[in-house]
Amino acid sequence: MQQIPYYRLNLQGSMPIKMTIENTIVQQIRRAVSVLYQTEIASDSIVIQETRKEFEGQVTAVTFPFTRFSKKTPEQTGTEIGEYLKDNVKEVEDFNVIKGFLNLSIADSYWVDELLTTIHSSSFGQFPSNGQKVMVEYSSPNTNKPLHLGHVRNNLLGFSVAEILSANGYEVIKVNLVNDRGIHICKSMLAWQMFGNGETPQSSQLKGDHLVGKYYVIFDKEYKKQIEALIDKGQTEDEAKKNAPIIKQAQEMLLKWEAGDQEVIKLWSMMNGWVYSGFEVTYKMLGVDFKKYYYESDTYLLGKDTIQEGLEKRVFFKKDDGSVWIDLTEDGLDQKLVLRADGTSVYITQDLGTAQLKYDDFKMDKSIYVVGNEQDYHFKVLFLILQKLGKTWAKGLFHLSYGMVDLPSGKMKSREGTVVDADELMDEMILTARDRTEELGKVEGFSEQEKKELYHMIGLGALKFFLLKVEPKKRLLFDPNESIDFQGHTGPFIQYTHARIRSVMAKADYQNKISTNYSTILTALEKDLIVNLAKYPDVIAASAKEFSPAHIANYVFELAKLFNKFYHEESILKAEDPDVRNFRLDLSAATASTINKGMKLLGIQVPDRM
RNA sequence: GCGCCCAUAGCUCAGCUGGAUAGAGCAACGGUUUUCUAAACCGUAGGUCUUAGGUUCGAAUCCUAAUGGGCGUACCA
């Protein structure tokens with residue numbers, strides 16, 4: 001009987017990749033069904049899953065679908081296919097059938113080989129280049145206030161997705177579209193002019209973004225005061241909101257900015273400069289970066305060409321007042337304004353233009369916008385318009401929509417000061433990490449510098465894992481009164497597991513893989529660990545497909561848990577048989593390396609000691 | 001009104017394209033250290049997977065509706 005080749009070419013052609021055991025089994029089951037029941041079935045009609053813990057085996061096939069052809073009970077069918085696989089597939093050592101489930105025991109030699117070759121290779125989990133370019137746009141802050149927890153989620157998601165795509169063979173371009181102009185920054189500017197007395201980051205000892213944010217809040221207080229005063233004088237709330245002098249001044253300031261007024265531009269540049277130096281500190285702390293920054297002050301006038309193009313192509317139409325619209329009612333959406341009657345832009349106008357600009361700059365195959373779910377409708381419209389305009393690249397656009405971070409009291413509002421500030425939160429996390437670590441007495445022999453790095457690693461690790469382990473589209477509840485955990489399903493748990501392994505490796509003076517051909521029977525836990533490690537590339541692929549770091553976070557947690565169990569029950573260094581000892585060292589090293597790789601994709605560092 | 005998203009243990013969350021007795025962590029209770037780091041490990045307890053129909057050999061998962069929550073539906077960004 002001819003064996004299906006063990007190696008095949010992947011879709012991109014160049015690099016031969018090893019078939020996973022699941023693939024091998026799917027192909028062999030097709031063959032079995034063909035031989036036993038004279039029926040050709042499609043690969044995707046075969047359901048393969050991991051064997052549940054309570055049963056013998058590692059890979060399970062569901063046999064119900066085959067009973068149509070076998071005309072036998074699920075048990076008989078399973079047994080027949082099991083016999084065939086056992087006789088014809090060298091990796092299949094044994095099988096059992098329970099109800100309609102065919103559980104296959106894969107030979108230890110297969111798993112050993114898997115560990116010592118595939119898993120131990122440094123490129124494990126890194127896919128070869130697929131020749132495609134992808135842009136990830138994230139962060140996108142406003143420059144009138146410091147970053148808060150919601151931005152932190154955005155930044156971590158964006159950074160992580162970029163890392164994940166890179167591991168999947170994409171060339172990744174990270175960009176940040178900064179919203180540096182508009183009424184909001186004018187509010188901060190105006191309040192600073194009125195009440196600031198020339199205060200600067202230096203004179204106030206405040207981080208630039210916090211200083212500017214302070215005046216944003218001051219503006220709002222003053223604005224509210226004026227509204228109340230007008231209401232007392234008999235105006236309605238709506239009238240008062242429009243007529244308050246301070247808001248009118250802010251609007252005037254925006255007009256001046258747009259007219260290029262020297263004074264206003266100077267103030268704007270100065271205050272934005274403060275904000276940028278503040279953001280830089282925050283980004284560095286978070287560990288995120290960008291290849292390119294786009295500024296709305298440069299792009300807000302873009303898009304008018306696109307509007308013209310749309311009119312020519314009759315995708316858009318002009319109303320009598322001169323405003324330009326698109327009718328999306330056939331697509332189940334509404335009519336949408338794309339240019340005001342006075343010829344000025346709206347939000348979507350600039351986004352159309354910016355999308356074109358970004359494409360012209362990089363010619364990427366895919367473009368991911370990491371933006372909160374309150375803009376779902378906007379992006380649906382944006383992408384649809386670009387498609388209607390015949391932009392071939394528009395089908396590569398994707399809105400990675402994520403849920404808001406809510407407090408128990410409800411939504412965070414910068415203006416009202418009910419926000420969890422990013423800088424403060426990170427500082428707190430690091431302090432907590434320090435306290436916890438010192439309590440446990442874990443830093444003997446650490447230099448001050450090492451301690452500092454460790455606390456940062458642990459504090460940020462806890463925060464990042466907390467935010468990334470949840471599926472992006474789900475909203476996230478954060479209770480500032482309940483500190484983020486350091487035990488259980490957390491970043492520090494995984495970091496700790498890594499440190500444990502590294503400690504063992506250090507004791508053994510482990511450098512490189514030491515086992516050659518290992519022939520001893522694997523223990524159940526060893527096998528579990530290898531089976532789990534072998535899944536890593538699939539997890540990387542799946543998380544890229546769904547743009548979800550949460551898969552990786554949960555996978556790495558499982559892996560760490562499994563290792564801790566193994567560590568607890570089976571000695572590594574004290575194993576009597578030197579072969580066993582060496583093999584377990586290799587297994588541990590592979591686990592540490594995979595934890596490290598996975599965590600890196602989340603933007604989380606792992607320490608060697610903690 | 002219309003549209004989109006969410007609903008799983010007391011709390012925070014997993015559960016992949018339908019598959020075996022729905023899983024973790026936290027909190028609660030009990031246990032494990034002269035042995036490689038106890039930020040660990042083991043155990044107990046905790047569930048009508050919001051509800052009602054439907055499709056299927058089989059539904060937490062797919063379809064329909066209802067209920068509850070969030071968001072959007074701006075000539076704001």
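Both backbone and side-chain heavy atoms feed into the values below; hydrogens, waters and symmetry mates do not. Protein chains get the first letters and strands the later ones, always in sequence-line order, with residue 1 at the start of each.
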Student: Which part of the nucleic acid, if any, lies within contact of A:Glu471, taking any heavy atom under 4.0 Å across all strands shown: a base, the sugar-phosphate backbone alone, or nothing?
Tutor: sugar-phosphate

Student: For B:G19, does OP1 or OP2 lie under 4.0 Å from any side-chain N or O of A:Lys99?
Tutor: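 So the side-chain polar atoms of A:Lys99 never come under 4.0 Å of the phosphate oxygens OP1 or OP2 of B:G19.
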
Student: Look at the side chain of A:Lys507 and decide which nucleotide, out of B:G19, B:A77, B:U37, has an atom nearest to it.
Tutor: B:U37

Student: Just call it for A:Asn103: base, sugar-phosphate, or nothing, with non-hydrogen atoms closer than 4.0 Å on any strand.
Tutor: base

Student: Mind running a 4.0 Å heavy-atom check of residues 553-568 of chain A against RNA chain B and sending the residues that fall below it, in number order?
Tutor: A:Phe557, A:Lys561, A:Asn564, A:Lys565, A:Tyr567, A:His568

Student: With rounding to the closest Å, how many angstrom separate the C1' atoms on B:G58 and B:C26?
Tutor: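 Each nucleotide's C1' atom is 34 Å from the other's.
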
Student: With sugar-phosphate meaning primed atoms plus P, OP1 and OP2, does A:Thr490 contact a base, only sugar-phosphate, or nothing at under 4.0 Å between heavy atoms?
Tutor: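 The residue A:Thr490 makes no contact with any strand.
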
Student: Using atom P of each nucleotide, how far apart are B:C4 and B:C42 to the nearest Å?
Tutor: 45 Å

Student: Does the ring of A:Tyr496 lie flat against the base of B:A40, closer than 5.5 Å centre to centre with planes under 30°?
Tutor: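 Given the distance and angle limits, no, they do not stack.
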
Student: Could you work out the separation of B:G47 and B:U8 based on their C1' atoms and round it to a whole Å?
Tutor: 8 Å

Student: Please give the distance between the P atoms of B:A14 and B:U56 as a whole number of Å.
Tutor: 32 Å

Student: Rounded to whole angstrom, note down the C1' distance from B:A24 over to B:A9.
Tutor: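 The same atom, C1', in both gives a distance of 11 Å.
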
Student: Between A:Gln375 and A:Tyr347, does a side-chain contact (heavy atoms from CB on, under 4.5 Å) hold up when you go through it step by step?
Tutor: CA-CA 11 Å; A:Gln375 295 199 37; A:Tyr347 179 36; 2.6 Å; yes

Student: So A:Glu570, base contact, sugar-phosphate only, or nothing? Heavy-atom distance under 4.0 Å.
Tutor: base

Student: Taking the nucleotide of RNA chain B with the nearest heavy atom to each, does A:Ala550 or A:Lys336 sit closer to the 5' end?
Tutor: A:Ala550

Student: Which word best sums up how the rings of A:Phe379 and A:Tyr369 line up, parallel for under 30°, tilted for 30 to 60°, or perpendicular for over 60°?
Tutor: tilted

Student: Under a 4.0 Å threshold between the charged nitrogen and the carboxylate oxygen, would A:Lys248 count as salt-bridged to A:Glu252?
Tutor: no

Student: Using the C1' atoms only, state how far B:A45 lies from B:A28, rounded to an integer number of Å.
Tutor: 8 Å

Student: Between A:Arg52 and B:G23, is there a contact of a side-chain N or O with OP1 or OP2 at under 4.0 Å?
Tutor: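 Yes, because at least one side-chain N or O of A:Arg52 sits under 4.0 Å from OP1 or OP2 of B:G23.
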
Student: On a whole-Å scale, what distance lies between the C1' atoms belonging to B:G68 and B:C75?
Tutor: 35 Å

Student: Return the nucleotide paired to B:U73: Watson-Crick means purine N1 to pyrimidine N3 with N6-O4 or O6-N4, wobble means G-U with N1-O2 and O6-N3, both under 3.5 Å.
Tutor: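 Pairing partner, where one exists within any strand: B:G1.
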
Student: Counting only Watson-Crick or G-U wobble pairs whose two distances fall under 3.5 Å, which nucleotide matches B:U12?
Tutor: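 Here B:U12 is engaged in a pair, and the nucleotide opposite it is B:A24.
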
Student: Closest approach to the side chain of A:Phe64, judged atom by atom: which nucleotide of B:A20, B:G19, B:A77 is it?
Tutor: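 Nearest to the side-chain atoms of A:Phe64, counting from C-beta on, is B:G19.
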
Student: Using a 4.0 Å heavy-atom cut-off, does A:Val62 contact any base of the nucleic acid, only the sugar-phosphate backbone, or nothing at all?
Tutor: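 Counting heavy atoms under 4.0 Å across all strands, the contact made by A:Val62 includes a base.
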
Student: With a 3.5 Å limit on both atom pairs, tell me what B:C29 is paired to, counting Watson-Crick and G-U wobble, or say none.
Tutor: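 In the structure as shown, B:C29 has B:G43 as its Watson-Crick or wobble partner.
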
Student: For A:Arg500 and B:A38, is the shortest distance between a side-chain N/O and OP1 or OP2 below 4.0 Å?
Tutor: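 Answer yes for this pair, as a side-chain N or O of A:Arg500 is under 4.0 Å from OP1 or OP2.
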
Student: Could you tell me whether the phosphate oxygens of B:C36, OP1 or OP2, come under 4.0 Å of any side-chain nitrogen or oxygen in A:Ser571?
Tutor: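 A:Ser571 to B:C36 OP1/OP2: no side-chain N or O under 4.0 Å.
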
Student: Which one is paired to B:U35, where only Watson-Crick or G-U wobble pairs with both distances under 3.5 angstrom count?
Tutor: none

Student: Would you indicate what A:His184 reaches in the nucleic acid, counting non-hydrogen atoms under 4.0 angstrom: base, sugar-phosphate, or nothing?
Tutor: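 No contact.
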
Student: With a non-hydrogen cut-off below 4.0 angstrom, is A:Met610 in contact with a base, only sugar-phosphate, or nothing?
Tutor: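 Answer is base: heavy atoms of A:Met610 come under 4.0 Å of a base.
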
Student: What are the atom names and distances for every N/O pair under 3.5 Å that joins the protein to nucleotides 3-6 of chain B?
Tutor:
unit_1	atom_1	unit_2	atom_2	d
B:C6	OP1	A:Lys473	NZ	2.6

Student: For a side chain to side chain donor-acceptor pair (under 3.5 Å) check, start with the C-alpha distance between A:Thr490 and A:Asp485, then their side-chain angles and the critical distance, and finish with the verdict.
Tutor: CA-CA 7 Å; A:Thr490 68; A:Asp485 260 309; over 6 Å; no

Student: Which of these nucleotides, B:C13, B:C75, B:A40, is closest to any side-chain atom of A:Leu337?
Tutor: B:C75

Student: With both distances kept under 3.5 Å, what pairs with B:A52, Watson-Crick or G-U wobble?
Tutor: B:U64

Student: Does A:Asp351 reach a base, just sugar-phosphate, or nothing at all? Heavy atoms under 4.0 Å.
Tutor: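 Nothing, no nucleic acid heavy atom in range.
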
Student: Could you give the distance separating B:C49 and B:C62 at their P atoms, to the nearest angstrom?
Tutor: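 So the two P atoms sit 16 Å from each other.
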
Student: What is the base-pairing partner of B:A59, counting Watson-Crick and G-U wobble geometry with both distances under 3.5 Å?
Tutor: none

Student: Under a 3.5 Å threshold, yes or no: a donor from one side chain and an acceptor from the other, between A:Asn144 and A:Ser188?
Tutor: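 There is no such pair (donor and acceptor under 3.5 Å, judged by atom type) between the side chains of A:Asn144 and A:Ser188.
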
